[in-house]
A.B. asks: 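Pasting a structure below so you can have a look.
Atom set for the values below is all heavy atoms of this structure, side chains included, hydrogens, waters and symmetry mates excluded.
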Amino acid sequence: MNDINENDVVALLVDIPEQGLWRGEVGTVIEVFSANEHHPAGYMLEYVDDETGEVYAHAEITDAAQLVKLHRRRRAA
């Protein structure tokens, strides 16, 4: 796993058409899970509409290379 943690904001680097998600969509990591005998390690992401505040998708990503962590910097006044 890389430096992506719960509550991080990430962008998709790939399309996931079966879930209606496209490269560049921004979501929040709501869970980071470890691998076990039944499932690989990965992330649960939540996507929220900026205008309505409604959740429009959840996605489980098991390949960290499909995500990029976004960083925000405060601008100097």
Side-chain angles (χ1 to χ4, degrees):
M1 304 299 283
N2 57 25
D3 66 337
I4 297 176
N5 301 296
E6 286 185 16
N7 299 314
D8 283 347
V9 177
V10 296
L12 276 177
L13 296 175
V14 297
D15 294 338
I16 309 176
E18 62 275 11
Q19 294 190 33
L21 296 169
W22 310 102
R23 180 185 171 117
E25 289 205 55
V26 175
T28 302
V29 178
I30 58 171
E31 183 179 356
V32 177
F33 46 92
S34 300
N36 63 43
E37 64 275 4
H38 304 291
H39 200 280
Y43 310 93
M44 179 60 69
L45 305 177
E46 183 173 79
Y47 293 86
V48 178
D49 185 285
D50 286 340
E51 292 182 17
T52 66
E54 293 184 33
V55 174
Y56 66 88
H58 285 102
E60 184 178 293
I61 303 292
T62 57
D63 181 358
Q66 295 180 340
L67 301 172
V68 63
K69 182 176 177 176
L70 301 179
H71 299 275
R72 297 180 187 222
R73 293 189 180 179
R74 186 175 173 159
R75 290 186 192 184

A.B. asks: Are Val26 and Leu12 connected in a single hydrophobic cluster, I mean Ile/Leu/Val/Met/Phe/Trp/Tyr linked by side-chain heavy atoms less than 4.5 Å apart?
C.D. replies: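 Shared cluster, no.
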A.B. asks: Please tell me whether Ile61 and Val14 are part of a single hydrophobic cluster in this structure, the criterion being side-chain heavy atoms less than 4.5 Å apart.
C.D. replies: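 Yes, because Ile61 and Val14 connect within a single hydrophobic cluster, where side-chain heavy atoms sit under 4.5 Å apart.
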A.B. asks: What pairs meet the salt bridge (charged side-chain N to carboxylate O under 4.0 Å, His left out) rule with one or both residues in residues 28-49, with sequence neighbours excluded?
C.D. replies: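 Sorted pair list comes back empty.
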A.B. asks: Go through the side-chain N and O atoms of Tyr47 and Gln19 and say whether any donor and acceptor fall under 3.5 Å apart.
C.D. replies: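 Gln19 and Tyr47 do not have a side-chain donor-acceptor pair below 3.5 Å.
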A.B. asks: For Asn7 and Asn5, indicate whether the former's side chain and the latter's backbone hold a donor-acceptor pair under 3.5 Å.
C.D. replies: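 Judged by distance alone, no pair lies under 3.5 Å.
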A.B. asks: Roughly how far apart are Trp22 CH2 and Ile16 CD1, rounded to 0.5 Å?
C.D. replies: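 So the CH2 of Trp22 and the CD1 of Ile16 are separated by 10.0 Å.
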A.B. asks: Does the side chain of Thr62 reach to within under 4.5 Å of the side chain of His39, using non-hydrogen atoms?
C.D. replies: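 Yes, at least one pair of side-chain atoms sits under 4.5 Å.
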A.B. asks: Could you tell me if the side chain of Val10 sits less than 4.5 Å from the side chain of Leu70, heavy atoms only?
C.D. replies: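 No, side chains not in contact.
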A.B. asks: List the atom of Glu25, the atom of Tyr56, and the distance in Å for their closest heavy-atom pair.
C.D. replies: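 Nearest heavy atoms, Glu25 then Tyr56: OE1-OH, 2.5 Å.
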A.B. asks: Nearest 0.5 Å please: distance from the OG1 atom of Thr28 over to the CG atom of Leu45.
C.D. replies: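 Reported value, rounded in 0.5 Å steps: 8.5 Å.
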A.B. asks: Within a strict 4.5 Å, meaning less than it, do heavy atoms of the Gln66 and Tyr43 side chains meet?
C.D. replies: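 No; the side chains remain at least 4.5 Å from each other.
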A.B. asks: So which pairs with a foot in residues 8-21 pass salt bridge (charged side-chain N to carboxylate O under 4.0 Å, His left out), sequence neighbours left out?
C.D. replies: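 Residue pairs with at least one partner in residues 8-21: Asp8-Lys69.
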A.B. asks: Side chain of Arg23, backbone of Leu13: donor and acceptor closer than 3.5 Å?
C.D. replies: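 Yes.
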